[in-house]
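For reference, the structure discussed in these notes is given below.
Convention: sequence-line order gives letters A, B, ...; per-chain numbering from 1. Fair warning: this is a prediction, and the values are worked out from it, not measured in the lab. Quick note: numbers below take in every heavy atom, side chains included, and nothing from hydrogens, waters or symmetry partners.
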2 protein chains.
Amino acid sequence: MKKSLKTTEHLALLKTLYSLRVGAGLRQSDLAKLIDEPQSFVSKVEQGERRLDIIELRVIVKALGTSLEHFIKEFEKNINETK
Amino acid sequence: MKKSLKTTEHLALLKTLYSLRVGAGLRQSDLAKLIDEPQSFVSKVEQGERRLDIIELRVIVKALGTSLEHFIKEFEKNINETK
DNA sequence: AAAAGAATATCCCATAATAGGATATTAACA
DNA sequence: TGTTAATATCCTATTATGGGATATTCTTTT
């Protein structure tokens, strides 16, 4: 399965993640600290350079104060808005 | 972020995926065909040998006739039942 | 507008993960 | 038990990732 980068879905994912972080008033280094990763990790994720499996996404989303379920809803919403 | 294998979350994920496929009455090769991947891919996924990002998970879950949102609910349910 | 500071992106490359056809195992059952 | 169906494992060339250091870009401040 090819690295699903730059597809509508992937762009929507990045957008959803970014909005959530910024909406939480955190900078990459803040989130990084919360999940015990370097800032470059967060940057790569937001850049689509690094992919996240659901478990990882769950950790991040929770660190940002949301549930995975809610995140997915936002994600789907963004997919529809984009296409 | 380490390969989240064999954690409660990961086991719950595999369980959720497996149940969904079997529940749909499909064998690995059937699902494989639906998502245009070899049978070994599906096996690896179910074995926890291959991780899925949300985009990929979404494709699979849809091929199995479910929404990502519903899948996540089942997933969370399984996490709680396991721990 | 330029300097200073803050936030984010990119580099590098050793290490780890993945692809996928072929083959081995295990399960089902006549 | 022999046979077929279903799933797991092998192998290794290719691709992805880790993460500290550094470069870039964005914001302020004066």
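As rounded to whole Å, 13 Å separates atom C1' of dA19(C) from atom CD1 of Ile35(B). Between Phe41(A) atom CZ and dA16(C) atom P there is a gap of 17 Å when expressed in whole angstrom units. In this structure, Lys44(B) atom NZ and dT9(D) atom C1' are separated by 9 Å, rounded to whole Å. Separating the CG atom of Leu52(B) from the P atom of dA16(D) is a distance of 16 Å, rounded to the nearest angstrom. Atom CZ in Arg50(A) sits roughly 19 Å away from atom P in dT8(C) (whole-Å rounding). One atom, CG of Asp36(B), and another, C1' of dA19(C), lie 13 Å apart when rounded to the nearest Å. Across the protein-nucleic acid pair, Arg51(B) atom CZ and dT18(C) atom C1' stand 11 Å apart, rounded to whole Å. Distance Glu49(B) CD to dC10(D) C1': 11 Å, rounded to the nearest Å.
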- Query: Reading nucleotides 23-30 of chain C from the 5' end, what letters show protein touch, with B for base, S for backbone sugar-phosphate only, - for no heavy atom under 4.0 Å?
  - Reply: --------

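Here His70(B) contributes atom NE2 and Glu69(A) contributes atom CD; the two are 10.0 Å apart, rounded to the nearest 0.5 Å.
For dA8(D), one of the phosphate oxygens OP1 or OP2 lies less than 4.0 angstrom from a side-chain nitrogen or oxygen of Ser43(B).
Between Ser40(B) and Ser40(A), the residue whose closest nucleotide on DNA chain D is further toward the 5' end is Ser40(B).
In summary, Glu74(B) and Lys77(B) engage in a salt bridge, as defined by a charged side-chain N under 4.0 Å from a carboxylate O. Salt bridge annotation for Asp30(B)-Arg27(B): present, with a cationic side-chain nitrogen under 4.0 angstrom from a carboxylate oxygen.
A heavy-atom distance below 4.5 Å is not found between the side chains of Val59(B) and Leu52(B).
The two residues Leu68(B) and Val61(B) make their nearest non-hydrogen contact at N-CG1, 4.0 Å. When all heavy atoms of Ala63(A) and Leu34(A) are compared, the pair lying nearest together is O-CD1, 3.7 Å. A pairwise comparison of heavy atoms in Ile60(A) and Phe41(A) identifies CD1-CE2, 4.3 Å as the closest pair.
Residues of residues 19-31 of chain B that place a heavy atom closer than 4.0 Å to DNA chain D, in numerical order, are Arg21(B), Arg27(B), Gln28(B).
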- For Glu37(A) and Arg50(A), what are the C-alpha separation, side-chain angles and deciding distance, and is it a salt bridge (charged side-chain N to carboxylate O under 4.0 Å, His left out)? CA-CA 13 Å; Glu37(A) 291 287 340; Arg50(A) 170 58 156 89; over 6 Å; no

- Message: Working note: Arg58(B) + Leu13(A), criterion side chain to side chain contact (heavy atoms under 4.5 Å, CB included); need CA distance, chi angles, decisive distance, verdict.
- Response: CA-CA 12 Å; Arg58(B) 187 167 179 271; Leu13(A) 174 67; over 6 Å; no

